[in-house]
Peer 1: 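Dumping the structure here so I can ask a few things about it.
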Amino acid sequence: GRRVQETPAQIWAKTHHCRSVYYPFEIYGKQRSKFSKSVILAEILGFILGPEAFITQNESRATFYLKNRLCRTRPCIAHNYKACPEESVSPVNFCEMHGTPEGKKIVLYQGMLSEGRWLDRLVLSAKYLRDDAVLVLMGPKQQPWWDDNIGPLLSEPDLVNRLFILENV
């Protein structure tokens, strides 16, 4: 059979001999809007009952849970990206490599171009960028969602030379 990969919460629980670990991953945005009130109540109730450990992705989310969700357990920060050793980094010219305008500031979204990430709003926001900035979306597109929902927005004249969509790196 296929071995199922353990989640960070399962690894933490085993390592630290914890009975309960709370690991909220990507519970923001559209993916929870249908059940928002229930999720918030469940989170608060869960924090009142007190998990033995709490893992989240960054300092700002940890602060949010401490201030807004009555979390009494000090969050452990488990960044959801791989560390890159300094010596392996070599400078590249992003604009030259990807065909974006030289001399412009880049507002970069890198990740799945999929439902539940408010990408429609992000795309439309590009028309409000200053003249010295562009929006670059980089990642694999979820089809047919992308063509049905984002495709029609791309023909807006205000987005010309302000929005660039690149393939995944």
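Reckoned from all heavy atoms, side chains included, excluding hydrogens, waters and symmetry mates.
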Peer 1: How long is the span from the CG atom in Leu129 to the CG atom in Leu163, to the nearest 0.5 Å?
Peer 2: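 Taking CG in Leu129 and CG in Leu163, the distance rounds to 9.5 Å.
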Peer 1: side-chain contact (heavy atoms from CB on, under 4.5 Å) for Met97 and Asn93? Distances and angles first, verdict last.
Peer 2: CA-CA 6 Å; Met97 182 181 285; Asn93 184 326; 6.0 Å; no
Peer 1: Roughly how far, to the nearest 0.5 Å, is the CG atom of Leu119 from the CH2 atom of Trp146?
Peer 2: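 Trp146 atom CH2 to Leu119 atom CG measures 6.5 Å (nearest 0.5 Å).
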Peer 1: Residues two or more places apart in sequence or in another chain: which of them pass ring-ring contact (aromatic ring centres under 6.0 Å, His included) with Phe94?
Peer 2: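 Here the qualifying residues are His98.
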Peer 1: If you measure from CD1 on Ile106 to CE on Met138, what distance do you get to the nearest 0.5 Å?
Peer 2: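 Here the interatomic distance stands at 8.5 Å.
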Peer 1: Kindly compute the distance separating CG (Leu122) from CG (Leu135), expressed to the nearest 0.5 Å.
Peer 2: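 It comes to 4.5 Å.
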Peer 1: I need the minimum non-hydrogen distance between Asn161 and Val134, along with the two atoms involved.
Peer 2: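 Minimum heavy-atom contact is O-CG1, 3.6 Å.
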Peer 1: For the atom pair CD (Glu102) and OG1 (Thr100), what is the distance rounded to the nearest 0.5 Å?
Peer 2: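 So the gap between those two atoms works out to 7.0 Å.
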Peer 1: In a table with atom names and distances, give each donor-acceptor pair under 3.5 Å that connects a side chain of residues 150-158 to protein atoms at least two apart or in another chain.
Peer 2:
{"residue": "Ser155", "atom": "OG", "partner": "Pro152", "partner atom": "O", "Å": "3.0"}
{"residue": "Glu156", "atom": "OE1", "partner": "Lys127", "partner atom": "NZ", "Å": "3.0"}

Peer 1: So, using salt bridge (Lys or Arg N to Asp or Glu O under 4.0 Å) as the criterion, who are the partners of Lys104 when residues are at least two apart?
Peer 2: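 Checked Lys104 against salt bridge (Lys or Arg N to Asp or Glu O under 4.0 Å); zero matches.
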Peer 1: Taking the side chain as C-beta and beyond, is there a heavy-atom pair between Val136 and Val107 under 4.5 Å?
Peer 2: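 Result no, sub-4.5 Å side-chain heavy-atom pair not found.
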Peer 1: Could you tell me whether the side chain of Asn149 reaches within less than 4.5 Å of the side chain of Glu115, counting heavy atoms only?
Peer 2: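 In short, these two side chains do not touch, never coming nearer than 4.5 Å.
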Peer 1: Only counting residues at least two apart or in another chain, list the ones meeting salt bridge (Lys or Arg N to Asp or Glu O under 4.0 Å) with Lys67.
Peer 2: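 Salt bridge (Lys or Arg N to Asp or Glu O under 4.0 Å) list for Lys67, sorted by chain: empty.
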Peer 1: Please report the interatomic distance CG(Leu124) to CG(Leu159), rounded to the nearest 0.5 Å.
Peer 2: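 Separation between the atoms: 6.5 Å.
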Peer 1: Quick one, Pro101 and Phe164 - any side-chain contact, counting heavy atoms below 4.5 Å?
Peer 2: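 A side-chain contact exists here, since the closest heavy-atom pair is under 4.5 Å.
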Peer 1: Closest heavy-atom contact between Arg162 and Ala126?
Peer 2: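 Nearest pair, atom of Arg162 first, then Ala126: CD-O, 3.5 Å.
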Peer 1: Tell me every residue that passes side-chain contact (heavy atoms from CB on, under 4.5 Å) with Asn58, counting only those two or more places apart in sequence or in another chain.
Peer 2: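 Partners of Asn58 by the side-chain contact (heavy atoms from CB on, under 4.5 Å) criterion, ordered by chain and then number, come out as Ser60, Arg61.
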Peer 1: Can you list the residues that meet the salt bridge (Lys or Arg N to Asp or Glu O under 4.0 Å) rule with Asp148, with sequence neighbours excluded?
Peer 2: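 Applying salt bridge (Lys or Arg N to Asp or Glu O under 4.0 Å) to Asp148 gives none.
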Peer 1: Check Tyr109 against Leu113 and note the closest heavy-atom contact, atom names and distance.
Peer 2: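 The answer is CE2-CD2, 3.6 Å.
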Peer 1: Answer yes or no: is there a side-chain heavy-atom contact under 4.5 Å between Lys141 and Met112?
Peer 2: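 Result no, sub-4.5 Å side-chain heavy-atom pair not found.
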